[in-house]
Amino acid sequence: MRTASDTVRNAIDHACDAQSALSVEARFERHLRRLTPRERQVHDAVVAGEPNKNIAMDLGLAKKTVKVHRARVMQKMGMRNLADLVRAAVTRRIGAP
């Protein structure tokens with residue numbers, strides 16, 4: 001049998017989890033807004049799984065330029081590796097309406 005205090009504790013835990021998820025998404029959005037338009041294009045292509053060579057051809061850039069933009073995206077987004085970047089982007093998109 002659940003007591004009133006158990007119900008309240010569960011409600012608080014649920015609210016904290018929801019708030020934490022919102023703050024993570026808000027932080028991601030803030031980082032995303034820091035990207036230049038070109039960095040955003042590179043971000044979107046990288047998250048979509050495009051290799052640097054294809055991104056360079058699609059955007060009319062040198063492969064080295066794509067690598068520079070990609071490194072800046074990683075830095076501005078606060079990500080250590082590609083898997084973290086993709087995970088953050090996918091998680092954000094799942095939560096988006």
Side-chain angles (χ1 to χ4, degrees):
M1 178 190 282
R2 288 174 44 165
T3 65
S5 63
D6 289 337
T7 303
V8 170
R9 190 173 307 117
N10 287 339
I12 290 171
D13 289 344
H14 181 69
C16 288
D17 290 345
Q19 181 62 37
S20 177
L22 286 175
S23 66
V24 168
E25 186 173 336
R27 187 170 59 244
F28 181 83
E29 291 294 331
R30 259 194 329 273
H31 288 297
L32 204 55
R33 284 193 300 272
R34 291 182 189 158
L35 301 179
T36 66
R38 181 64 85 187
E39 289 169 347
R40 181 60 191 264
Q41 289 175 320
V42 170
H43 167 274
D44 292 346
V46 167
V47 168
E50 291 293 325
N52 290 347
K53 181 179 178 180
N54 291 4
I55 297 169
M57 286 186 344
D58 291 346
L59 299 179
L61 302 171
K63 221 167 97 172
K64 183 164 176 86
T65 304
V66 171
K67 289 180 182 181
V68 170
H69 285 306
R70 185 173 170 161
R72 288 182 183 157
V73 167
M74 297 298 286
Q75 181 184 25
K76 287 182 178 182
M77 296 298 291
M79 301 294 163
R80 290 178 292 173
N81 56 53
L82 180 61
D84 289 343
L85 181 68
V86 171
R87 189 177 307 109
V90 169
T91 302
R92 180 190 129 257
R93 288 189 181 132
I94 290 172

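Sequential numbering from 1 along the given sequence is applied to the chain's residues. Since the model is a prediction, treat every value here as computed from it, not as a measurement. Excluded from the calculations below are hydrogen atoms, water molecules and symmetry mates; all remaining heavy atoms, backbone and side chain alike, are included.
- Using a 4.5 Å cut-off on side-chain heavy atoms (C-beta onward), Val73 and Val46 make no contact.
- The salt bridge (charged side-chain N to carboxylate O under 4.0 Å, His left out) check on Lys76 picks up Glu39, with sequence neighbours excluded.
- Between Asn81 atom CG and Arg87 atom CZ the span is 7.0 Å, to the nearest 0.5 Å.
- The heavy-atom pair separating Met74 from Leu82 by the smallest distance is CE-N, 3.6 Å.
- Within the model, atoms NE2 of His31 and NE2 of His43 stand 11.5 Å from one another, a figure rounded to the nearest 0.5 Å.
- Phe28 and Ala89 make their closest contact through CZ-CA, 3.8 Å (heavy atoms, listed as atom of the first residue, atom of the second, distance).
- Atom CZ of Arg30 is separated from atom CG of Leu32 by 12.0 Å, given to the nearest 0.5 angstrom.
- Counted by atom type alone, Arg72 and His69 present zero donor-acceptor pairs between their side chains at under 3.5 Å.
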Quiz: residues 50-57 side-chain donor-acceptor pairs under 3.5 angstrom, not counting sequence neighbours:
residue : atom : partner : partner atom : Å
Glu50   : OE1  : Asn54   : ND2          : 3.3
Asn52   : OD1  : Arg70   : NH1          : 2.9

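- One hydrophobic cluster, built from ILVMFWY side chains closer than 4.5 Å, cannot hold both Val68 and Leu85; they sit in different ones.
- There is a side-chain donor-acceptor pair under 3.5 Å between Arg38 and Gln41.
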